[in-house]
Amino acid sequence: MKAFDQLSEEEIINRILKGEKLLFEIIVRRYNPYLYKIGRSYDYSHDDTQDLMQETYIDVFKHLSKFEQRSNFRTWIIRIMLNNCYRKKQKLSFTNEYSEENINEKATPMFTDSSNDAHKHLHNRELGHIIETYLTELPEDYRMVFSLREINELSTAETASVLNISESNVKVR
């Protein structure tokens, strides 16, 4: 699979559409971190986020032939994830309950450093928990812009495209 990591998204998509379906794994590996951060930014649990990611990959696979390359692929797949998150949030039967029992003390926060320095690692871990806590308190519009720009490192134009807002709106938020 490592030899295929060098392929461009366009090449991968074309080869998948021509029948090399196993190459879809490259797409999954490339976009897992982006989609995971988006799901967590919506304040979904780890398991709910993984379910949403799976739904997104199924949607992407089913509709890959409809990708018109008017935007870049990353913007397109993130938009599908956002739509899935939004739909899940709108379902009346879904409740996103958060109780002390569901806290996983061994969970890795979104913002960690792989440094071997224990003090720095602990500091970054605590900072990650603080940022994650306060990020969930932001209004959704601001949280999504922050998540896409700062966590997923999308440009202002890509963020505006994904959220269907103007670039100036992205900058304001």
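These values consider heavy atoms only, across backbone and side chains, with no hydrogens, waters or symmetry-generated copies.
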Which heavy atom of F67 sits nearest a heavy atom of N72, and at what distance?
-> CZ-C, 4.0 Å

Determine the minimum heavy-atom distance between M144 and I38, stating which atoms define it.
-> CE-CG2, 4.0 Å

Heavy-atom side-chain contact between I165 and R173 under 4.5 Å | yes

Look at the aromatic rings of F24 and F61 and report parallel, tilted or perpendicular, splitting at 30° and 60°.
-> perpendicular

Distance, nearest 0.5 Å, that separates SG of C85 from CE of M53 = 10.5 Å

Should E11 and R15 count as an ion pair when the cut-off is N to O under 4.0 Å?
-> no

Distance, nearest 0.5 Å, that separates CD1 of I77 from CZ of R79 = 14.0 Å

Heavy-atom closest pair, residues S8 and R30 | C-NH1, 4.3 Å

Nearest-0.5 Å distance that lies between atom CZ in R74 and atom CG in L35 = 11.0 Å

Considering residues at least two apart in sequence or located in another chain, which fulfil the side chain to side chain contact (heavy atoms under 4.5 Å, CB included) criterion with E55?
-> L52, N84

Taking the six-membered ring for Trp, are the ring centroids of F73 and Y31 within less than 6.0 Å of each other?
-> yes

Atom pair CG (L154) and OG1 (T75), whose distance is rounded to the nearest 0.5 Å = 5.5 Å

Going by atom types alone, do N83 and R87 pair a side-chain donor with an acceptor below 3.5 Å?
-> no

Tested for side chain to side chain contact (heavy atoms under 4.5 Å, CB included) against L17, the lone hit among L23, I12, L64 is L64

